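Here the structure is laid out as structure tokens; the discussion comes afterwards.
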Amino acid sequence: MDQPQHLLVGVAWPYANGEQHIGHIAGAYLPPDIFARFQRMRGKSVLMLSGSDAHGTPITVRAEAEGVSPAEIVDRFHATFVDSYLKLGLTFDLFTHTDTQNHWDVTQQMFRRHLEAGYIYKDSQQQLYDGTAHRFLPDRYVEGRCPFCDSDEARGDQCDQCGRTYEAVELKQPRSRISGNTDLEIRETEHYFLDLSKLQEPLLAWLKDGKTHWRPNVIHFARTQVEQIKLRGRPITRDMDWGVSIPLPDTEHKCIYVWYDAVIGYLSATTEWAQLNNTPEQWRQWWDAKTNPDARIYNFIGKDNIPFHAMMWPAMLIALQDMNLPYDVPANEFLNMYGRKFSKSQGRIISILDVLKRYQADAWRYALTAIAPETSDVDFSWDDFVERVNNELVANWGNLVNRVLGFAYKRWDGVVPTPGALSGQDQGLLDEVRAGFQSAGELYESAKLKAAMNEVRRLSQRANQYLHDAAPWSTIKTDPQQAATSIYVALQVIDWLKILWAPILPHSSQQLHEFLGYDGQLFGRQYTETVKDARGEHLVLRYDNSAAIGTWEPGTLNPGQDLKPPKPLFVKLDEDVAEKETAAASN
RNA sequence: CGCGGGGUGGAGCAGUCCGGUAGCUCGCGAGGCUCAUAACCUCGAGGCCCUAGGUUCAAAUCCUAGCCCCGCAACCA
């Protein structure tokens, strides 16, 4: 087999400066979990990794606004991320954060290797300096009037009004967000730069090579950028104290720029995972091109992150040589709300942690997959959520399970009936659903999750049609053996659909697995742990797949197997849910 | 200004690469079934495929010009 065994599923690192909303989940967090669960059932050696991004000005700005330490902000939101991923069932083999000793080590090591290989140089930059606060003002620490459109709300690096970018020193009437000081001076400051000009050629060669399986929004963007823009040195250090320190002398009050250290998280999380498992060299199975060139690395992200994952990070890896580069970067567009971006400040936000209190995890997994913004921005509305859960998930799949299990349990004393000879109709349904392992499998494999879901839903509709034609509730009165055969076929099909749905609906598939009288867990176990290191301790979310028995193949349901008393898999939502939630959101 | 994505029946989407009777889910209308969470099954109504040109026997699909929406532009998924 030339199928790769080792798959690394990298997930965008969330900034630990606010709660996650359903847009984050639909765009970048749920899709990789569905993909990873599918691949694990295929027997692949999957590592799904991410962590909270602890550094950067969004964190320190918030910390200063609240008068607490950045670490406190990170710990608070990191814990909420872990909590919501547990509840939603996102099976991270490791979800850590970037303020760990391991991440510091890996980042500094990469800095040194880039330096030694000649990809890092030192240069000076002009930056605004706040004499009152005695510090430099990177990025969002400064606001002012936009040099292009005169908006007064312009940030240090970009104007939200007209969208243009510029250097902070170009701002008109700049003011410090720390002290409010408007009497800012321009000072020279020395920084280290990653020399991307040296990487442009190999990066472009890599982007031009193959990539036919990449989504057009990702590959078109990356190619045109690298083709048309002359890449230049980009600063990888900043005048800040909060961040990974620079492994060189005379670098006080400077640290490594967050963009550089955050993407290294994919590598550092792998080594942290390997160390936690006491197999420190295992990371090579995914990253080291000499050890395992067939490993595939996937990066699931939102479209805003395309430049970093399709350009910067690959360039950094190319510079190291002998590292596996991303195999695919399935970036999603955005999930909006009523036509506009989610916005915390404007009260348009649906926190995933909050809504998981009221609705089933699998209901969200279904609805967010159904409307996943795979090719264009998509609008979320509560009406749509209710409609999809009630009229699609409950009506099509949940009801199929309920009608078959309920009938079987009542009429055959809680046991899987023994079938007689199969008719052409029986065989036809079995063949069609069995073929779903191939057809839906290919769609899951290529991360076309919406299409995979449609395929599985089509198959469960076929089962509903079969039942209508076979009408076992009618034949049982005249020909009990034929009714038994129909119900056996339906149960077998449900047993297979359980697997086909499992990547998207792991919780209810497990429940169905048990209703059908099976033991064991289709998937592994999620758990949290506190890890101590030289920088303190940090909470991690982990996943142990060793006891999982779910496999991507049609098993055989044994006649005579004891069923469990069935209950509906999904809660049907009340009519007024949409109204209530919409009202609550606008308060 | 530049770049990327999108514009398909009431809603959400697929189809566009490799032209050939416009497809799916939901909603709506009618009928059927009654095992089932009033769910399920069948049939039906409903579309200038953004616009204007062009290529072609034939264009949602290819070419040209333009319009509209979203995003990116070095980090807000």
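All of these numbers come straight from a predicted model, not from anything done at the bench. First the proteins, then the strands, lettered A, B, ... as listed; each starts at 1.
- The salt bridge (Lys or Arg N to Asp or Glu O under 4.0 Å) search around A:Arg234 returns none, not counting sequence neighbours.
- Sorted by first and then second residue, the pairs that involve residues 449-460 of chain A and meet salt bridge (Lys or Arg N to Asp or Glu O under 4.0 Å), not counting sequence neighbours, are A:Glu392-A:Arg457, A:Glu432-A:Arg458, A:Glu455-A:Arg458.
- Look at the C1' atom in both B:U16 and B:C63: the space between them is 14 Å, to the nearest Å.
- Nucleotides B:C72 and B:U8 place their P atoms 22 Å apart, quoted to the nearest Å.
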Provide a list of protein-nucleic acid N or O atom pairs under 3.5 angstrom, restricted to nucleotides 42-47 of chain B.
| unit_1 | atom_1 | unit_2 | atom_2 | d |
| --- | --- | --- | --- | --- |
| B:U42 | OP1 | A:Gln465 | NE2 | 2.8 |

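- Taking atom P on both nucleotides, B:C26 is separated from B:C43 by 14 Å, rounded to a whole Å.
- For the ring-ring contact (aromatic ring centres under 6.0 Å, His included) condition, the pairs that include at least one residue of residues 444-494 of chain A, sequence neighbours left out, are A:Phe38-A:Tyr444, A:Tyr444-A:Trp552.
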Interface polar pairs with nucleotides 2-4 of chain B, N/O, under 3.5 angstrom:
| unit_1 | atom_1 | unit_2 | atom_2 | d |
| --- | --- | --- | --- | --- |
| B:C3 | O2' | A:Thr224 | OG1 | 3.4 |
| B:G4 | O2' | A:Asn217 | O | 3.3 |

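- Stacking between A:Trp473 and the base of B:C35 is present: ring centres sit under 5.5 Å apart and the planes differ by under 30 degrees.
- Within 6.0 Å of the CD atom in A:Glu66, the count of heavy atoms belonging to other residues, nucleotides or ligands exceeds 12.
- Between the base of B:A36 and the side chain of A:Asn402 there is no donor-acceptor pair shorter than 3.5 Å.
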- For A:Glu514 and A:Lys498, what are the C-alpha separation, side-chain angles and deciding distance, and is it a salt bridge (Lys or Arg N to Asp or Glu O under 4.0 Å)? CA-CA 11 Å; A:Glu514 291 163 20; A:Lys498 162 193 88 183; over 6 Å; no
Interface polar pairs with nucleotides 9-12 of chain B, N/O, under 3.5 angstrom:
| unit_1 | atom_1 | unit_2 | atom_2 | d |
| --- | --- | --- | --- | --- |
| B:G12 | O2' | A:Arg388 | NH2 | 3.3 |

